[in-house]
Amino acid sequence: MEYVLGIDLGTSYFKLGLFDKKSKLCGLGRIAVEKDTGDGSLCELPTERFWNLLQKGLRDACKQAKAEFSDIKAIGYSSQASSFLLLDEHDTPLTPLILWPDQRADDVFSEVKKLWQQKDFLRTTGLGIDCNNQLCINKLLWFKKERPDIWKKAKRAMTISDYLTFSLTGQYSGDSGTASLLGLLDVQRLKWWNKAFDILGLDTTMFSNPLCPGTILNGINKTKQQFLGLNPDVPFVIGSLDHHVAAIGAGVGTIADISESTGTVLACVNFTKKYDPQKNICIGPGLENGHFYQLTFDANGAAGLQWYQETYAPDLSIEQLVQMAEKVKPGCEGLMAHSREDTYKSLSDFKHIKDSHGHGHFVRAIMESTARSLVELIHKLSKEKKPQRIVATGGGAKSDLWLQIKVDLTNTEFITTACDEPACSGAAMLTAAAAGWFEPAWNIPRNWATINKSFQP
């Protein structure tokens, strides 16, 4: 049996999926990522733990699929953004992986603010978000200013996906999808933007060569091959940002116009041939020249449900709370939740509370609030043409009630896909195309994103 391995380098979990030629997910390793948080401001993953997690996930996937390591014919990935580590001249890690939620930099450095203020910044980088202290480049400057003992030894700065690529292939290469979230990439040229490096006082030689998603790198590093048990002749396929890859896996461009993910945050992705950078939208390189993905997100995701459950209904599960919400009519009898669930502190953040309102009303109000935020995100991506169909991913896609609320507020068809792991599936799609199972990489066969359910307006 032949499989492709799709790796999802998520923040909370690493997921490793084995897919056969018919797109079936035959084995999945889902491993929780334990972070070191120090005093609470840090978010670190030691490199040894990184590899142990991948090793365990691969073993679990093979065990579930009843597969041998030798059955894996190609490897690809999707990746979180803005997570990195520093390495010395011998490519030995000087730091653990610094994951994107890390808060060691209290403020945004002046150099980063200056970069964002450049008139050609948005046009060049396609990065429409505001600068913030969690940016990778901001934390790189933190090391430069606060830890000169480490910085003077640093010869390489690699994102988490760069590090995976280098470790498995020996090449200083990475993907342009996650690179586009650094604020250093000329997105249309797929080249590092020298002006940005000059402003920040960084050297381009520290960074990996940004490649187009779907690029094949042949050969697995012998040491890591022995550690993971992989065939050294297995091709490694360059992936992209997790939201981009998950949109591919969910069938955007094939069975839907837009993907939406309701997880901790709310995110929407579509594909376009028009390079039109805008505020509040990130535009990154697609799977071929002249193709791009657009990403926009909002903090008003599923975190509010968890907040409500933990604060006001700890003896009930979220599933039980949603069942209560199913009995509440649209509009929640006037109850409204504000549009920033992540900032909720008490029930005073809800409007028009009545004594008759119970758990179901508050939960549905939160769901309706998220759906209203989704309407705004969809409008940002689809100003010229309303989407005909939206594919739902993330934890929110498992709730029929939430999906129907979104349908009612957007007046658009929503679908879910048969595979619950679109980031793994998308990575496998790119990998399968590179392995020659179908061509070309951006023309994904429909069966790789099979519709599971449809919710009609």
Side-chain angles (χ1 to χ4, degrees), residues 246-247 249-252 255-270 296-309 313 316-341 344 350-352 356-382 386-422 449-457:
V252 171
I255 63 173
D257 304 306
I258 286 180
S259 67
E260 68 90 7
S261 174
T262 304
T264 303
V265 298
L266 184 67
C268 281
V269 177
N270 73 349
T296 184
F297 49 88
D298 191 286
N300 191 20
L305 287 183
Q306 184 175 354
W307 165 81
Y308 184 86
Q309 183 267 335
L316 298 174
S317 67
I318 288 181
E319 291 74 17
Q320 289 173 314
L321 290 170
V322 172
Q323 289 174 3
M324 294 179 182
E326 291 174 351
K327 301 176 182 178
V328 176
K329 294 181 180 180
C332 307
E333 298 179 18
L335 183 67
M336 291 187 66
H338 69 53
S339 63
R340 290 299 302 273
E341 294 176 7
Y344 279 0
F350 290 77
K351 296 179 180 179
H352 314 306
S356 59
H357 290 152
H359 289 317
H361 294 82
F362 286 100
V363 169
R364 180 167 182 127
I366 290 172
M367 288 179 157
E368 291 183 356
S369 172
T370 297
R372 287 193 295 271
S373 294
L374 178 60
V375 171
E376 297 177 5
L377 295 187
I378 293 170
H379 178 69
K380 289 178 182 178
L381 292 186
S382 309
K386 179 185 175 182
Q388 298 300 304
R389 178 187 278 174
I390 298 171
V391 58
T393 65
K398 298 177 182 179
S399 169
D400 290 356
L401 172 62
W402 216 340
L403 288 168
Q404 192 59 54
I405 291 172
K406 293 171 183 176
V407 169
D408 294 341
L409 288 182
T410 63
N411 194 34
T412 304
E413 179 186 0
F414 273 65
I415 60 171
T416 61
T417 59
C419 180
D420 290 333
E421 302 294 343
T450 306
I451 296 173
N452 186 26
K453 292 181 181 180
S454 174
F455 295 80
Q456 300 289 337

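Here, residue 1 is the first one in the sequence, and each next residue gets the next number.
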Q. How close do Ala365 and Cys332 get, heavy atom to heavy atom, and via which atoms?
A. N-SG, 3.4 Å
Q. Using a distance-only test with no angle check, is there a side-chain donor-acceptor pair under 3.5 angstrom linking Asp400 and Gln404?
A. no
Q) Of the non-hydrogen atoms in Thr416 and Ala397, which two are nearest, and what is the gap between them? A) CG2-O, 3.8 Å
Q) Atom OG1 in Thr262, atom CG in Leu403: separation rounded to 0.5 Å? A) 8.0 Å
Q. Just wondering, more than 12 heavy atoms not from Lys351 lying within 6.0 Å of its NZ?
A. no
Q: To the nearest 0.5 Å, tell me how far Glu333 CD sits from Arg364 CZ.
A: 11.0 Å
Q) How far does CE of Met336 sit from CZ of Phe350, to the nearest 0.5 angstrom? A) 11.0 Å
Q.
Looking at every heavy atom in both Ala250 and Val391, which two are closest together, and how far apart are they?
A. O-CG2, 3.6 Å
Q | Distance (rounded to the nearest 0.5 Å) between Ile451 CD1 and Ile415 CD1 | A | 4.0 Å
**Q.** Close side-chain approach of Leu305 to Leu321, heavy-atom, < 4.5 Å
**A.** no
Q | Phe362 and His357 aromatic ring geometry - parallel, tilted or perpendicular at 30°/60° bounds | A | perpendicular
**Q.** Steps toward side chain to side chain contact (heavy atoms under 4.5 Å, CB included) verdict (Leu316, His359)
**A.** CA-CA 10 Å; Leu316 298 174; His359 289 317; 3.9 Å; yes
Q | Gap between atom CG of Leu374 and atom OG of Ser369 - 0.5 Å precision | A | 11.5 Å
Q | Nearest-0.5 Å distance, CG of residue Leu401 to CD of residue Gln323 | A | 10.5 Å
**Q.** Glu368 side-chain N/O to Gly331 backbone N/O, donor-acceptor pair under 3.5 Å
**A.** yes
Q: Check whether any side-chain heavy atom of Ile258 sits under 4.5 Å from a side-chain heavy atom of Thr412, and report yes or no.
A: no
Q) With a cut-off of 6.0 Å (strictly less than), are more than 12 heavy atoms of other residues, nucleotides or ligands near CD of Gln320? A) yes
Q | Test item: Leu409 and Arg372 side chains (from C-beta on) under 4.5 Å apart, heavy atoms | A | yes
(Q) Taking the side chain as everything from C-beta on, heavy atoms only, tell me whether Met367 gets closer than 4.5 Å to Val322. (A) yes
(Q) Looking at Phe414, I want to see if its CZ is surrounded by more than 12 non-hydrogen atoms of other residues, nucleotides or ligands under 6.0 Å. (A) yes
**Q.** Min side-chain heavy-atom separation Asp257-Asn270 under 4.5 Å
**A.** no
**Q.** Heavy-atom check, side chain of Leu377 versus side chain of Glu260, under 4.5 Å
**A.** no
Q) How close do Asn452 and Ala418 get, heavy atom to heavy atom, and via which atoms? A) CB-N, 3.6 Å
**Q.** Minimum-distance pair of heavy atoms, taken over all atoms of Asn300 and Leu266
**A.** O-CB, 3.8 Å
